[in-house]
Structures are given as C-alpha cells and as structure tokens.
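None of these values were measured; they are calculated from a predicted model. Reckoned from all heavy atoms, side chains included, excluding hydrogens, waters and symmetry mates.
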Amino acid sequence: MSTIKSDKLKGKVAIVTASTDGIGLEISRRLGQEGASVIISSRRKENVNKAVDELKNQGLDVLGTVCHVSKEEDRKHLIDFTIKEKGAIDYFVSNAAINPVMMPILETGEGAWDKIFEVNVKSAFLLTKAVAPHMEKRGGGSIIYISSIGGYQPLPLIGAYSVSKTALLGLTKAVANETAASNIRVNCICPGIIKTKFSRALWENEGINEEMNRMIPMHRIGKPEEVASLVSFLCSDDASYITGESFVVAGGYYSRL
C-alpha cells in the first residue's frame, strides 16, 4: 500500500467506479494521496461506507455513493452527487467490470454476453457522455478506462470478457479524437494479472499461480498499487500531451509489439 502524499492533483475532483476494493480502491487512495477529492462508488452501500471510512482515516478527501453502473438512475445520481458535493468533475476512471462466466466464447449465452457488454463497455460510454460537459466547463480533464491485457490477446475461457476489453481500446481512440479540442485526454490501462478478488481463481490455485509466474518475465503477478500509480500519472499535467493511448501493466507478459 502506497503512503505517498503530495499536492500534485490538489483542487481536482475524481470519480472512480467500482472503487471499494482491489484496483479501484488503490486508484482512489493514490489520487487522494496526490491531493484530489475522490468520489468512490460500488453496488453495495456497506462496501462504500467501509472504503470511505478507511480512506478518510488516512486523512484523504473522499466521499462515496452507491452506483450500479448498468442502472441509468444510479449513473445520474453519481454525477449529480459529485456536482452537488464538489462542484466539478476533472477526472473519470471507469473501472467497473464483470465476468459472470468462464467458458469457450462460442458457448457464451446471449444473456451473459449482453450483461458483460452492458457493464464493461456501455456504462463506460454513457458515463463518459455524462462527465464530458463538466470537464469542458473546467477547461479540460482526464478520462481513463481500465481495460485488460485480454483486450490485446484474448484469455482462455474468458473470451467474451476479453472482447469487451478490446472494445474499450476502440472507445479510447474514438472519444480521444472527439474531445482533444476540449483538452479532455482519454487513455486506457490494460492490466495483466493483478492480485485482487477478481483474479482470485488464478492466484489462489497453486498450480496456476506457479505457471503464471513462470510465464511472466518479472516472475510475479502485479499489485493494485502498480496500476494506481499509472492512473495518477495520466491524470496529472505530467501527461498533458498523451491522449488516445493504451498502456499495458503486466510485468512483461505478452501483449503486443
């Protein structure tokens, strides 16, 4: 867990979805440590309250609200809550994702396919439409989609999930082209295997964990903080000339040229 503190993002307001655990929580922590006011969210109120208490106890400026990203009323409430409490939106980190099935892609049912794309892609798009006007009022902003290494190289048994993450790479390019003139930068992060509850099936299995460590050049799986640090950079003015790009955080694991 990072203990970095600075004022690099002071005066900025960030929304992070699915941010009460794992990568989302560490992103919220890091942005808060860099001085931003952070609005965290997830589907369950008890999880939101627990995460808010944890981060506030570390002296961070954090508020939270329930948001199931596939629900229109929840998305609207998230934006309205942020504007009411903080008056602005500067950063949007779309981290919410699901993978309800593990099977060959051609065995994936229509219901599972629709659910994956509704949460992983459609919600990211609709929330982007909602936050962009508020960023324009601030003279710019930063949008970051959390994709996956599977977006480049589909992973076995999670083909539908992988394809949804590929879609985020395209969304990044499309939105970045349209918002560049408004100084809204749009980038995408593609984590490899990161130690979270979401990937528990991989790292809790000793045999699979050993195989993953063998295949990863750095011989270990990643930590959520190692994704959060890149988010902090992409939000900051240090990345002021970077938009429409995707970044792999995977310890050297194969992804692309």
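At most 12 non-hydrogen atoms from other residues, nucleotides or ligands lie less than 6.0 angstrom from NZ of Lys115. Within a 6.0 Å radius of CG in Asp237, no more than 12 heavy atoms belonging to other residues, nucleotides or ligands are found. Counting heavy-atom neighbours within 6.0 Å of Arg220 CZ, excluding the residue itself, gives a total above 12.
The side-chain heavy atoms of Tyr254 and Ile149, taken from C-beta on, include no pair separated by under 4.5 Å. Annotation: side chain of His134 is in contact with side chain of Ile79 (closest heavy-atom distance under 4.5 Å). Taking the side chain as every heavy atom from C-beta outward, Arg30 and Val231 never approach each other to under 4.5 Å.
For the residue pair Tyr145/Thr128, the side-chain donor-acceptor check at 3.5 Å is satisfied. Residues Glu118 and Ser70 bring no donor and acceptor atom of their side chains to less than 3.5 Å of each other. In this model, no donor atom of one side chain and acceptor atom of the other lie less than 3.5 Å apart for Asn47 and Thr20.
Every residue was checked against the side-chain hydrogen bond (donor to acceptor under 3.5 Å, both in side chains) condition with Lys12, not counting sequence neighbours, and none meets it.
Exactly one residue among Ser236, Cys235, Ser240 makes a side-chain contact (heavy atoms from CB on, under 4.5 Å) with Asp238. That residue is Ser236.
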Does the pair Asp80 and Lys84 meet the rule for a salt bridge (Lys or Arg N to Asp or Glu O under 4.0 Å), with working shown? CA-CA 6 Å; Asp80 291 345; Lys84 177 183 177 182; over 6 Å; no
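Screening residues 38-83 for ring-ring contact (aromatic ring centres under 6.0 Å, His included), with sequence neighbours left out, gives His77-Phe81.
Tyr241 belongs to no hydrophobic cluster with other residues, because no ILVMFWY side-chain heavy atom falls under 4.5 Å from its own, directly or through intermediates.
Contact check on Arg29 versus Glu225 returns no salt bridge, with no Lys/Arg side-chain nitrogen under 4.0 Å from an Asp/Glu carboxylate oxygen. Using a cutoff of 4.0 Å between basic side-chain nitrogens and carboxylate oxygens, Glu245 and Arg185 are not scored as salt-bridged.
With values rounded to the nearest 0.5 angstrom, Ser37 atom OG is found 10.5 Å from Tyr91 atom OH.
Scanning all heavy atoms of the two residues, the minimum distance from Arg75 to Leu126 falls at NH2-CD1, 3.3 Å.
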